[in-house]
Amino acid sequence: MTATGIDFGTTNSVVAQWMGNDADVLLLDAHHIDADWRHPGFEYLFPSVVGMSSLRRGALFGWEAKLRSEEAAEACKRLLKSDEYVTIHGRRFAATTVAAGVFQAMRKGAEHNLTAIDQAVITVPANATGAARYRTRAAAQFAGIDVLALLNEPTAAAISYVHELQEARTILVFDWGGGTIDVTVLDYQEGFFEELASRGVTELGGLEIDRRLRDLVLERAPARSVWTPAQERQFGLDVERSKIRLSSEDSVTVRTPDGDTVEVWQEELEEAITDLVDRALAPVQQCLTDLHMAPLDVDAVLMIGGTSQIPSVRTAVAEVMQQQPVEVGVCDPMTAVARGASIAAAVLSGEADGVIQVATSHALGTVVTDDTGRRKFSQIIPRNSPLPWKERKNYTPGRDNARSLAVEIWEGAPERPLDHPDNVQLTELRLTYQDPRLVRTPGSCWSTRTTRTGFCTSRRLLNVPVRKC
């Protein structure tokens with residue numbers, strides 16, 4: 001089987017395969033791109049979109065779904081955290097089902113190019129929750145793909161970057177795409193990759209910038225009529241394409257469904273998103289603080305994802321890191337993640353040499369009740385612990401004669417209140433005692449460990465590649 005890497009993105013996905021000495025990016029759907037969307041590198045993108053059209057039977061995927069749908073489900077990846085539902089043409093679909101459709105469509109696209117996707121390493125945001133990772137794996141499996149591992153997107157990009165260099169490096173990856181911002185610091189030495197720290201924001205990306213540009217246009221040309229869903233969708237596409245053009249052009253003209261035209265300058269958009277850029281820079285400083293590092297302790301800065309290519313974003317990162325990011329020609333922001341995932345797939349399947357060591361992006365633990373009756377996060381495995389990792393911690397039941405105990409498994413940030421959005425319950429274990437337990441005797445002694453497939457008590461939830469055994 002060919003070692004395959006899939007960059008499953010919020011806005012677009014990319015697939016690459018290991019060809020023995022290097023990774024090739026597959027052309028899955030390039031023949032469906034309209035002329036005005038043929039920007040450099042876009043032929044390798046497969047929009048992560050499912051749509052419907054009254055002119056076609058069945059669901060549309062990829063560029064057809066993006067450009068020819070009257071209604072579409074986009075950014076389903078964001079919904080995998082809680083498996084929310086989307087509605088298309090009056091029909092409700094779970095986000096996992098929609099994601100499975102995207103994976104299946106990519107498999108068919110590969111078959112049209114005389115290759116197959118039977119097993120793959122699939123990338124996820126570095127700060128994706130365990131639930132989102134679990135559902136990503138499930139969606140791919142529903143589509144008939146055997147998932148070798150889930151790999152963090154910044155790690156995949158770093159693997160792609162050093163594949164040619166083979167030099168010891170400390171690398172900071174600034175990954176800002178359509179849906180998330182992730183910053184990861186990695187160390188590479190003699191074929192060994194190790195994640196040192198990772199921080200990010202799960203809902204901050206190109207979609208938010210699209211909204212800012214839309215607001216700029218509508219401030220000058222407010223809607224004069226009620227737009228149809230098809231008009232709304234076309235306007236959204238025009239806004240997105242204009243945002244892309246503003247990364248390389250001084251100004252663009254956007255037309256509204258009412259026929260009004262508005263000119264927007266690059267500097268105007270950059271000013272409108274200043275606060276978003278500031279929020280995206282915060283994880284950079286958090287990573288450096290976690291590691292007690294100065295910016296110049298980093299040897300290379302990689303900027304991947306479409307949003308990271310906005311000129312003001314590259315300038316801001318260069319200022320914070322006190323060095324210029326690696327050039328686009330050396331680390332392609334569109335394809336580096338997929339290429340790195342395919343190299344990781346080759347390592348895991350024994351087709352290429354190398355070792356990949358990853359770390360937990362969240363603390364892992366359980367919930368206890370303090371003397372005041374307040375529930376709080378009890379950390380067992382700290383953030384940034386290298387996997388595999390094992391910790392042991394003893395707990396005592398809160399009441400006498402307990403015959404069973406429900407142990408909640410959580411991930412997140414122990415320093416935050418339990419109900420903070422960063423804290424997520426992964427599952428619950430039910431422990432049964434042969435004899436009733438007394439509070440005054442040691443009880444409910446259990447341990448939590450990380451394994452080759454990730455955080456594991458009874459279920460596979462955080463699946464990541466680790467040191468090859």
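Heads up: numbering here begins at 1 and tracks the sequence.
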Practice item. Using atom types as modelled and distance alone, determine if a side-chain donor or acceptor of T307 lies under 3.5 Å from a backbone N or O of G177. Key: yes
Review point. Going through the checks in order, is the side-chain contact (heavy atoms from CB on, under 4.5 Å) test met by R68 and D34?
Key: CA-CA 10 Å; R68 296 168 182 76; D34 290 347; 2.8 Å; yes
Check your understanding: Do you see a donor-acceptor pair shorter than 3.5 Å between the side chains of S198 and D182?
Key -> no
**Study point:** Pair D210 + K243, salt bridge at N-O below 4.0 Å
**Key:** yes
Review point. Any idea which heavy atoms bring S69 and L60 closest together, and the distance?
Key: OG-CD1, 3.9 Å
Review point. Between F235 and R255, what is the shortest heavy-atom contact and its length?
Key: CD1-O, 3.7 Å
Review point. For E195 and T155, does a side-chain donor sit closer than 3.5 Å to a side-chain acceptor?
Key: yes
Review point. Between R91 and E71, does a salt bridge (Lys or Arg N to Asp or Glu O under 4.0 Å) hold up when you go through it step by step?
Key: CA-CA 11 Å; R91 297 180 61 188; E71 289 186 45; over 6 Å; no
Review point. Quick one: do E208 and R78 make a salt bridge, cutoff under 4.0 Å?
Key: yes
Check your understanding: Which atoms form the tightest heavy-atom contact between I343 and A23, and what is the distance?
Key -> CG1-CB, 4.5 Å
**Study point:** E240 and T11: CA distance, side-chain angles, deciding distance, side-chain contact (heavy atoms from CB on, under 4.5 Å) verdict
**Key:** CA-CA 11 Å; E240 181 186 355; T11 307; 3.9 Å; yes
Check your understanding: Is there a donor-acceptor pair closer than 3.5 Å between any side-chain N or O of R107 and the backbone N or O of A143?
Key -> yes
Exercise for review: Of all the heavy-atom pairs spanning T123 and D7, show the shortest one and how long it is.
Suggested key: OG1-CA, 3.2 Å
Check your understanding: Taking the side chain as C-beta and beyond, is there a heavy-atom pair between Q104 and F61 under 4.5 Å?
Key -> no
Point to revise | Minimal non-hydrogen separation, G51 against A65, with atom names | key: N-CB, 3.6 Å
Review point. For the ring pair F103 and F142, is the centre-to-centre distance below 6.0 Å?
Key: no
**Study point:** Donor-acceptor contact below 3.5 Å, side chain W18 vs main chain G5
**Key:** no
Exercise for review: Begin from the C-alpha positions of L151 and I159 and carry the test side-chain contact (heavy atoms from CB on, under 4.5 Å) through to its verdict.
Suggested key: CA-CA 11 Å; L151 179 64; I159 291 172; 4.1 Å; yes
**Study point:** Worked check of side-chain contact (heavy atoms from CB on, under 4.5 Å) between F42 and M334
**Key:** CA-CA 8 Å; F42 274 42; M334 300 285 198; 3.4 Å; yes
Review point. Taking the side chain from R220 and the backbone from E263, do they hold a donor-acceptor pair closer than 3.5 Å?
Key: yes
Point to revise | Test salt bridge (Lys or Arg N to Asp or Glu O under 4.0 Å) applied to D24 - qualifying residues, sequence neighbours left out | key: none
